[in-house]
Amino acid sequence: EAQVTQNPRYLITVTGKKLTVTCSQNMNHEYMSWYRQDPGLGLRQIYYSMNVEVTDKGDVPEGYKVSRKEKRNFPLILESPSPNQTSLYFCASSPGLMSDEQFFGPGTRLTVL
Amino acid sequence: GENVEQHPSTLSVQEGDSAVIKCTYSDSASNYFPWYKQELGKRPQLIIDIRSNVGEKKDQRIAVTLNKTAKHFSLHITETQPEDSAVYFCAAFSNSGYALNFGKGTSLLVTP
């Protein structure tokens with residue numbers, strides 16, 4: 001089944017404790033991205049990647065890192081999480097450019113205490 | 001970067017009525033405009049999209065119109081049903097900034 005998976009789905013952590021949210025797609029998509037969703041603010045892009053080893057900042061990259069060592073995986077890293085990073089995070093992939101349908105993962109709800 | 005404004009933020013309609021959600025964008029280089037539907041607790045899913053070389057696109061009860069001169073595009077849902085209740089997001093993709101920017105969403109409630 002073609003899909004985008006994220007792990008974990010739920011995470012409660014404390015300020016400053018490094019964490020990684022994994023994202024994997026099995027559709028051989030070139031493009032992957034991370035969004036955060038906050039009430040009243042919609043979906044805001046954190047980082048995106050157009051291919052292996054090619055990543056770039058979105059609208060809200062501060063406090064986040066990403067890597068794209070393999071085509072299928074695009075992990076999101078929070079080196080030192082803070083409470084303002086409490087949010088719902090979505091990974092997405094699309095076949096080519098961003099001007100193709102985005103396939104979203106199921107989301108990761110992160111709480112930073 | 002691209003700024004996408006979406007209105008209204010909430011919309012309540014009676015079953016069978018039409019619903020219209022409007023978005024404006026700022027970057028004249030934007031050329032792709034998708035609409036996503038997000039049901040409660042679920043992931044966003046594409047329902048319809050339009051490219052800048054087309055003025056209107058329909059898919060059953062859903063249609064999207066694009067006015068490039070005025071830089072706005074709209075989602076039209078006819079004969080609404082309770083299962084249309086969800087949050088709808090518009091988005092605009094610009095080649096100049098190479099980013100997909102979303103509006104803040106419209107919460108649509110269709111009452112029986």
Side-chain angles (χ1 to χ4, degrees), chain A residues 1-7 9-10 21 23-25 27 29-51 54-62 66 87-109, chain B residues 1-10 21 23-27 29-54 57 59 64 66 73 86-108:
Chain A
E1 180 190 354
Q3 59 183 346
V4 179
T5 57
Q6 294 178 227
N7 281 292
R9 296 288 314 281
Y10 303 90
V21 183
C23 173
S24 183
Q25 50 93 5
M27 297 171 279
H29 284 172
E30 306 250 324
Y31 172 81
M32 297 184 74
S33 65
W34 277 102
Y35 297 89
R36 62 177 289 174
Q37 183 175 20
D38 303 289
L41 296 179
L43 289 155
R44 294 180 292 167
Q45 193 172 46
I46 303 171
Y47 269 96
Y48 64 91
S49 169
M50 290 186 278
N51 214 325
V54 180
T55 63
D56 208 345
K57 297 177 181 178
D59 287 332
V60 288
E62 295 77 21
V66 293
S87 187
L88 178 60
Y89 291 87
F90 286 101
C91 178
S93 73
S94 64
L97 302 175
M98 266 177 273
S99 54
D100 291 328
E101 177 179 357
Q102 302 270 304
F103 292 85
F104 283 84
T108 295
R109 186 163 294 282
Chain B
E2 172 73 279
N3 184 36
V4 179
E5 299 278 343
Q6 182 172 349
H7 298 280
S9 57
T10 61
I21 303 170
C23 289
T24 61
Y25 60 97
S26 59
D27 189 344
S30 294
N31 58 10
Y32 174 64
F33 307 91
W35 286 88
Y36 285 82
K37 175 183 180 182
Q38 186 179 28
E39 297 175 352
L40 191 62
K42 302 280 184 66
R43 71 193 78 186
Q45 292 193 297
L46 181 74
I47 54 170
I48 195 167
D49 57 11
I50 191 168
R51 298 186 187 272
S52 58
N53 57 348
V54 175
K57 184 176 179 180
D59 183 3
V64 58
L66 171 65
F73 56 112
V87 177
Y88 292 81
F89 292 98
C90 64
F93 170 73
S94 168
N95 273 324
S96 63
Y98 212 80
L100 184 64
N101 293 286
F102 284 82
K104 293 183 178 179
T106 296
S107 179
L108 173 64

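Throughout, protein chains are lettered first and strands after them, A, B, ... in sequence-line order, and every chain is numbered starting at 1.
Most heavy-atom pairs under 4.5 Å with chain B, from the set Leu43(A), Asp38(A), Leu41(A), Leu88(A): that is Leu43(A). For the set Ala92(A), Gly40(A), Pro39(A), Ser33(A), the entry with the most heavy-atom pairs within less than 4.5 Å of chain B is Gly40(A). When Gly41(B), Pro44(B), Gly105(B) are compared by the number of non-hydrogen pairs under 4.5 Å with chain A, Pro44(B) comes out ahead.
For Phe90(A), the part lying near chain B is the side chain, with the backbone staying farther off; criterion is any non-hydrogen pair under 4.5 Å. Within the 4.5 angstrom heavy-atom criterion, no atom of Phe33(B) approaches chain A. Looking at Pro34(B), neither its backbone nor its side chain comes within 4.5 Å of chain A, counting heavy atoms on both sides. Proximity to chain A (any heavy atom under 4.5 Å) is shown, for Gln45(B), by neither the backbone nor the side chain.
Tyr35(A) is listed as a side-chain neighbour of Leu100(B), based on a closest heavy-atom distance under 4.5 Å.
In this structure, Tyr36(B) contributes its side chain and Gln102(A) its backbone to a donor-acceptor pair below 3.5 Å.
A pairwise comparison of heavy atoms in Glu101(A) and Leu46(B) identifies CG-CD2, 3.4 Å as the closest pair. Across Pro106(A) and Arg43(B), no two heavy atoms sit closer than the pair CB-NH2, 3.6 Å.
In Lys37(B), the NZ atom is crowded: over 12 heavy atoms of neighbouring residues, nucleotides or ligands sit closer than 6.0 Å.
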